[in-house]
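Before any comments, here is the structure.
A note on names: the letters A, B, ... follow the listed sequences, proteins ahead of strands, and every chain is numbered from 1.
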Amino acid sequence: MASIAQRPRGTQDLLPADQPYWAALEAAAKDVAERFGYQRIETPIFEATDLFVRGVGEATDIVSKEMFTFSDRGGRSLTLRPEGTAPIVRAYFDAGMQLQPQPVRLYYMGPYFRSERPQAGRFHEFHQFGIETIGDASPLLDVEAIVLGWNWFAGLEIAGATLHLNSIGDEVCRPAYRERLRDYYRPHLARLSEESRARFERNPLRLFDSKDPQDEALKRDAPRIVDHLCAPCAEAFRIVKEALAAEEIPFELNPNLVRGLDYYTRTVFEYQHESLGGAQNSLGGGGRYDGLAAALGYRSTPGVGFAMGMDRTAIVLKQSKPFTPAAPDVYAVALEAKDELYVFHLAATLRARRITVVFDPGPARLDAKLRKAARRGARLALLVGPEEREKNQVVIRDMQEKTQTSVAERDLLSTISQMLGGA
RNA sequence: GUGGCUUUAGCUCAGCUGGUUAGAGCAUCAGAUUGUGGAUCUGAGGGUCGAGGGUUCAAAUCCCUCAAGCCACCCCA
């Protein structure tokens with residue numbers, strides 16, 4: 001156990017037993033995204049630090065205390081990406097995608113990095129599946145994103161996810177609301193928690209994130225932004241709700257849902273799941289970010305998207321149904337050392353015909369070999385002992401049926417194909 | 001980043017108020033059965049007791065520091 005190298009804090013090994021779940025997550029993501037006409041994109045694992053400082057926002061938790069930042073040899077500041085949207089928007093403009101028919105629909109999955117205190121479902125290195133729809137402000141694209149995410153869960157046969165929805169307005173109505181919120185809280189400042197007082201100054205909307213019971217009562221009676229949206233924002237929100245209802249996607253209006261990244265405007269949403277437990281109950285979330293492109297110095301361009309936590313979804317998936325690792329078609333065994341090379345070669349010829357073969361080296365008692373074949377889950381065992389070798393035959397045993405036949409070597413492939421095909 | 005709990009075999013955990021060679025179940029390997037499997041029985045291997053330091057004749061056990069995990073805060077995926 002004592003070793004010079006220990007797995008770094010907040011990281012995880014995705015072991016063979018985990019892989020079937022991850023394969024399912026990735027396959028379902030690719031399937032649903034492409035069914036909606038999204039195209040895959042992958043951006044670098046690290047980016048210029050400034051991309052996140054300007055994109056995500058200086059005052060956010062992510063930028064102020066959670067980034068893995070380092071310098072390259074030229075002294076440039078780089079950061080392991082803490083989120084996907086700013087890099088995607090950067091890539092959109094770098095590749096000239098604003099010249100393609102709009103909107104441009106993109107999806108991606110990969111590792112992200114945030115230096116928070118690790119917890120179950122919260123890692124320094126975590127994985128997201130995300131989509132971004134850039135170049136069109138239609139609220140139906142907000143709904144498309146939400147439906148796409150919902151369908152991802154459905155494709156994985158995950159039940160019990162809930163959708164939480166809010167609108168946080170735009171640069172027209174939010175500043176006025178922010179002041180109204182400050183006016184509401186100002187007389188109660190002395191009673192607020194210390195953290196909440198800091199939020200009052202920096203970003204009053206984040207006051208809704210507080211779980212401090214002291215702040216709870218104040219939160220309940222606070223003015224709601226959905227009651228103070230400007231006309232275009234209100235209309236967009238109405239369309240979102242109407243379309244979700246038409247698609248029969250149940251949602252819960254949550255006026256306290258504000259989200260911690262600066263770039264969100266109008267629609268924000270989050271998927272939650274009970275079985276994740278109290279604090280880390282968010283499977284994913286997203287929203288519209290019409291101000292992000294301009295904040296990064298590009299031409300103002302609307303966008304909407306989500307990021308799903310693959311690690312957390314894997315946790316839910318494991319609870320909902322067991323996945324077993326793929327089993328080999330054939331488990332190849334020689335009973336005596338002198339026949340090993342022969343069996344090794346038979347295995348190679350089968351693999352050349354797309355059959356999955358595990359070769360078990362070393363002589364051993366037959367029952368031990370069969371035990372290993374069974375534990376490995378093989379469908380067939382290929383057995384060669386002295387008796388077979390003498391007659392130029394091999395034994396093929398159906399591990400499930402517990403039946404076996406001896407066949408001439410030249411009939412090996414056809415027999416195996418037939419037995420695999422028939423089962 | 002703050003607080004609480006935890007860390008003993010590959011895994012799940014015993015180990016009382018400090019006392020010689022640290023245990024169990026599961027798993028692994030072998031034998032029982034020198035050519036027929038997931039069961040059973042028998043046996044074996046596997047631990048510097050998270051790391052480092054201290055107290056003591058003696059530390060898995062008491063103290064300190066550090067690390068990691070979990071829970072809550074914070075926040076998000």
For the base of B:A77, is there a side-chain donor-acceptor partner from A:Gln272 under 3.5 Å away? no

Remember a base hit wins even if backbone is also touched, and classify A:Tyr112 as base, sugar-phosphate or nothing at under 4.0 Å, heavy atoms. nothing

Looking across every strand, which nucleic acid part, if any, lies under 4.0 Å from A:Met310 by heavy atom: base, sugar-phosphate, or nothing? nothing

Nucleotide nearest A:Ala374 when distance is taken to its side chain, options B:G37, B:G35, B:C76: B:G37

Cation over ring face, A:Arg105 and A:Phe36, 6.0 Å, 45°: no

Please tell me which of the listed nucleotides, B:C76, B:A27, B:U36, lies nearest to the side chain of A:Asp367? B:U36

Spacing between A:Glu116 atom CD and B:G69 atom P, to the nearest angstrom: 13 Å

Report which part of the nucleic acid A:Asp311 touches: base, sugar-phosphate, or nothing (heavy-atom distance under 4.0 Å, all strands). nothing

Applying the 3.5 Å cut-off to both distances, the Watson-Crick or G-U partner of B:C49 turns out to be none

Using a heavy-atom cut-off of under 4.0 Å over every strand shown, decide if A:Lys369 touches base, sugar-phosphate, or nothing. nothing

Atom-to-atom span, CG of A:Asp209 to P of B:C73 - whole angstrom: 12 Å

When rounded to the nearest Å, what value does the distance between C1' atoms of B:U21 and B:G38 take? 37 Å

Using atom C1' in both nucleotides, what's the gap between B:G46 and B:G69 to the nearest angstrom? 24 Å

Just call it for A:Gly285: base, sugar-phosphate, or nothing, with non-hydrogen atoms closer than 4.0 Å on any strand. sugar-phosphate

Does A:Arg117 get its side chain close enough to the base of B:G3, under 3.5 Å, for a donor-acceptor pair? yes

Verify the contact: side-chain N or O of A:Arg397 to OP1 or OP2 of B:G37, cut-off strictly under 4.0 Å; return yes or no. no

Taking donor-acceptor contacts at under 3.5 Å, does the side chain of A:Glu388 reach the base of B:G35? yes

Rounded to the nearest angstrom, tell me the gap between atom CE in A:Met67 and atom P in B:A77. 15 Å

Going by distance alone, is a donor N or O of one side chain under 3.5 Å from an acceptor N or O of the other, for A:Tyr38 and A:Thr133? yes

In whole Å, measure the gap between the C1' atoms of B:U12 and B:G31 for me. 28 Å

I'd like to know if A:Arg365 reaches the base of B:U34 with its side chain, counting only an N/O donor and acceptor under 3.5 Å. no

Rounded to whole Å, CD of A:Gln404 lies from P of B:U36 at a distance of 10 Å

A:Thr356 backbone acceptor or donor facing A:Asp329 side chain under 3.5 Å: yes

C1' atom, B:U17 versus B:A59: distance in rounded Å? 14 Å

Kindly point out which of B:U36, B:C74, B:G69 is positioned nearest to the side chain of A:Pro118? B:G69

With both distances kept under 3.5 Å, what pairs with B:C11, Watson-Crick or G-U wobble? B:G25

Tell me if the aromatic rings of A:Phe93 and A:Tyr298 count as close, with their centers under 6.0 Å from one another. yes

Starting the side chain at C-beta, find the nucleotide from B:C74, B:G37, B:C76 nearest to A:Lys402. B:G37

CD (A:Gln12) with more than 12 external heavy atoms under 6.0 Å: yes

Applying a 4.0 Å non-hydrogen cut-off, can you work out what A:Ile62 is touching in the nucleic acid: base, sugar-phosphate, or nothing? nothing

Given atom CZ of A:Phe153 and atom P of B:A77, what is their separation to the nearest angstrom? 13 Å

B:G54 and B:C11: how far apart are their C1' atoms, nearest whole angstrom? 33 Å

Winner on side-chain proximity to A:Arg371, out of B:A67, B:A77, B:G37, is B:G37

So what's B:U56 paired with, Watson-Crick or G-U wobble, going by both distances under 3.5 Å? none

Watson-Crick/G-U partner (both atom distances under 3.5 Å) of B:A30: B:U42

Given that both distances must come in under 3.5 Å, which nucleotide forms a Watson-Crick or G-U wobble pair with B:G3? B:C71

Could you measure between the two P atoms, the one in B:C13 and the one in B:G19, and give it in whole Å? 24 Å

Pairwise C1' distance for B:G15 and B:C49, with rounding to whole Å: 11 Å

Check: A:Arg114 side chain, B:A77 base, donor-acceptor under 3.5 Å: yes

Looking only at the side chain of A:Val395 (C-beta and beyond, no hydrogens), which of the listed nucleotides B:C74, B:G37, B:G35 gets closest? B:G35

Report yes if at least one side-chain N or O of A:Gln6 is closer than 4.0 Å to OP1 or OP2 of B:A51; otherwise report no. no

Any N/O donor-acceptor pair, A:Arg122 side-chain to B:C70 base, under 3.5 Å: no

Is atom CZ of A:Arg180 surrounded by more than 12 heavy atoms (other residues, nucleotides or ligands) closer than 6.0 Å? no

State whether the side chain of A:Trp152 and the backbone N or O of A:Asp31 hold a donor-acceptor pair below 3.5 Å, judged by distance alone. no

Rounding to an integer number of angstrom, what distance separates B:A72 and B:C26 when you compare their P atoms? 34 Å

Would you say A:Arg376 reaches B:G38's phosphate, i.e. side-chain N/O to OP1/OP2 under 4.0 Å? no

Please tell me if the side chains of A:Val333 and A:Lys372 come closer than 4.5 Å, counting only heavy atoms from C-beta onward. no

